[in-house]
Amino acid sequence: LHNKKWEKLTEELEKNQNDLAATLQQKLYEGLKRTLQLPFMENLNTEKPLLNLDSPKQMLEALQQLGIPLKSTSHEELSQLSRQFPVIQALIDYRKVTKVLQSFASALPKYIHPITNRIHPDYWQIGTATGRFSCRNPNLQQIPRDQVFRECFIPSEGNLLIIGDYSQIELRVAAEISHDQRMIDAFQQNQDIHCLTASLLIGKDINKVTKEERQAAKAVNFGLLYAMGARGLQLYAQNSYGVEMTNQQAVDFRQRFFEVYQGIASWQKELGTSRLKEIRTLNGRLRIWEDRPKITELFNTPIQGTAADIMKQAMAMSFPYLNRNNVHLIGTVHDEILLESPQEKAQEISDFLKETMIKAGKKFIQQVPIEVDIAIATNWSEK
DNA sequence: CAGAAGCGCCAC
DNA sequence: AAACGTGGCGCTTCTG
Ligand SMILES: Nc1nc2c(ncn2[C@H]2C[C@H](O)[C@@H](COP(=O)(O)OP(=O)(O)OP(=O)(O)O)O2)c(=O)[nH]1
Ligand SMILES: [Mn+2]
Ligand SMILES: [Mn+2]
């Protein structure tokens, strides 16, 4: 971790948070004064705040008193009303900064080891029901994507980071498992389905889709793959793209998706009516449920699980070579491997990692080509 | 007072 | 009947 950069980032976020807290408080109290004319308003300028901005319960009560119809203060509900009520936008903004400040900016330095000057989290090999790794103390698999955070993660002197990430991995696994011909063809033609979905959703040339729009499309592709409904699609399009969809439009979009990917549709139908209480990944690993699983779990498990199999296969296959070359495997983020390599070997090692990850993929996936995005970097934001 | 539960949100 | 999934973490509030 780049200490100085991190400290500076933390300071900026703190300043930011103070401003946003002031804005939010002002909007809340102003509103409450108007609607309630409560005597406690006289105490406004005392040290003790009347409302805890971090308390969902108090925020909900306060917003309801302002006449805003809410059942909870989750982002999903808030974003619906953010344009109508400035105070809601203020709460969303305050929450965002508070979250990254509390969970990351302030929390992470506590984990820097006094001797190694590094962060040493615990990785759990069987951390999830599907076979993924999990990570904790701290969880380095949930560092914000934003460059200002990622650029603080740097290799030690004389080394470089090598970052390998599978391309569209669970879609490729899904194409293999379902035998969906259209999706297989798409991957054989090296197409990017995340970009395609983004362009269809926002009505924009596929070549003009931004990184953020592509990122947002992932949840649509994986959502539909794992049985997201029209309602869920509609909400998601609104909240992440600002795309207003009627229920009918969402139904139509969903229908078109499955008309294109008929193999996915029939795979879902087959599994959905199967009454299975257990299911395997392509590596043969088994997940068992006590009672009938939800179909969403049943759909997800073989695919997420196979992606995890591939990941672990790649790690196992590369480790001996890495070890011989004094290259350290310093992290993994589900379909991503992070290495720290002596500078002069970095090119050679990155070629090796990429080929090994692809080879591991091919062990389980034969109908669909496997692609890996690889980067040699001086920090984690450069992938 | 400690620990569990609930909420909300970060990542893949 | 309808349903995206897999996690970890910080805070507040509840429970005992
Ligand atoms: N069910 C579900 N799975 C997700 C979601 N986001 C990511 N995943 C899973 C499926 C992805 O293939 C896998 C790896 O995430 P990545 O961010 O690397 O995306 P992906 O590999 O699909 O695309 P990429 O080409 O790497 O940008 O994690 C999600 O919102 N829902
Ligand atoms: Mn990926
Ligand atoms: Mn990834």
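Residue numbers begin at 1 in each chain, while the letters A, B, ... track the order of the sequences. The analysis underlying the following values was restricted to heavy atoms, covering all of them including side chains, and did not include hydrogens, waters or symmetry mates.
Set against C:dT6, B:dA11, B:dC9, the side chain of A:R145 has B:dA11 as its closest nucleotide. Proximity note for A:N300 (side chain, C-beta onward) versus C:dG5, B:dC10, C:dC11: the nearest is C:dG5. Of the candidate nucleotides C:dA3, B:dG8, C:dG8, C:dG8 has the atom nearest to the side chain of A:R136. Listed nucleotides C:dT6, B:dC9, C:dT13 differ in distance to A:S55; the shortest reach to its side chain belongs to C:dT13. Which of B:dG8, B:dA11, C:dC4 sits closest to the side chain of A:A219 comes down to C:dC4. In this structure, the nucleotide among C:dT13, C:dC4, B:dC10 sitting nearest to the side chain of A:Q142 is B:dC10. Of the candidates C:dC4, B:dA11, C:dC9, C:dC4 carries the atom nearest the A:F222 side chain, counting heavy atoms from C-beta on. Picking from C:dC9, C:dC11, C:dA3 the nucleotide with the shortest atom distance to the side chain of A:T296 gives C:dA3. Comparing C:dT6, B:dG8, C:dT12 against the side chain of A:S72 picks out B:dG8 as the nearest. Checked against C:dC9, B:dC12, C:dG5, the side chain of A:K99 finds its nearest nucleotide in C:dC9.
At the phosphate of C:dC4, neither OP1 nor OP2 sits under 4.0 Å from any side-chain N or O atom of A:R231. Of the side-chain N and O atoms in A:N52, one or more sit less than 4.0 angstrom from OP1 or OP2 of C:dT12. Distances shorter than 4.0 Å separate some side-chain N or O of A:S134 from OP1 or OP2 on C:dG8.
Counting non-hydrogen atoms under 4.0 angstrom, A:R150 reaches the backbone sugars and phosphates but no base. Among the atoms of the strands shown, none is found under 4.0 Å from any heavy atom of A:L233. In this structure, A:K96 reaches the sugar-phosphate backbone alone: every heavy-atom distance under 4.0 Å involves primed, P, OP1 or OP2 atoms, never a base. Note on A:A308: nothing from the nucleic acid sits closer than 4.0 angstrom, heavy atoms only. At the heavy-atom level, A:Q304 lies under 4.0 Å from base atoms of the strands shown. Heavy atoms of A:T98 sit nowhere under 4.0 angstrom from any nucleic acid atom. As judged by a 4.0 angstrom heavy-atom cut-off over every strand, A:Q58 is placed among residues touching the sugar-phosphate backbone only.
Residue A:N139 contributes atom CG, which lies 13 Å from atom C1' of B:dC9 at whole-angstrom precision. Atom CG of A:D309 and atom P of C:dT6 are 16 Å apart (whole Å). Rounding to whole angstrom units, NE2 of residue A:H194 and P of B:dC12 are separated by 11 Å. Atoms CD1 (A:I143) and C1' (C:dC9) sit 11 Å apart, rounded to a whole Å. Rounded to an integer number of Å, the gap from A:Q102 CD to C:dG8 P is 20 Å. Per the geometry, NE2 belonging to A:H334 stands 11 Å off C1' belonging to B:dC10, to the nearest Å. Regarding A:K57, its NZ atom lies at a distance of 23 Å from the P atom of C:dG10, rounded to whole Å. A:R214 places its CZ atom 13 Å from the C1' atom of B:dC12, with the value rounded to the nearest Å.
Side-chain N or O atoms of A:R285 include one that pairs as donor or acceptor with a backbone N or O of A:G305 at under 3.5 Å.
Checking each of A:Q168, A:E170, A:E176 against A:R172 for a side-chain contact (heavy atoms from CB on, under 4.5 Å) leaves exactly one that passes, namely A:Q168.
Here the two rings, on A:Y166 and A:H334, have centers that are 6.0 Å apart or farther.
The existence of a salt bridge linking A:D54 and A:R95 is excluded, since no basic side-chain nitrogen approaches an acidic carboxylate oxygen closer than 4.0 Å. Note on A:E340 versus A:R118: salt bridge recorded, some NZ/NE/NH1/NH2 to OD/OE distance being below 4.0 Å. Remark: A:K204 engages A:E213 in a salt bridge, criterion side-chain N to carboxylate O under 4.0 Å.
Both tests pass for A:K312 against the ring of A:F133: distance under 6.0 Å to the centre and angle within 45° of the axis.
Between A:T301 and A:P293, the residue whose closest nucleotide on DNA chain C is further toward the 5' end is A:P293.
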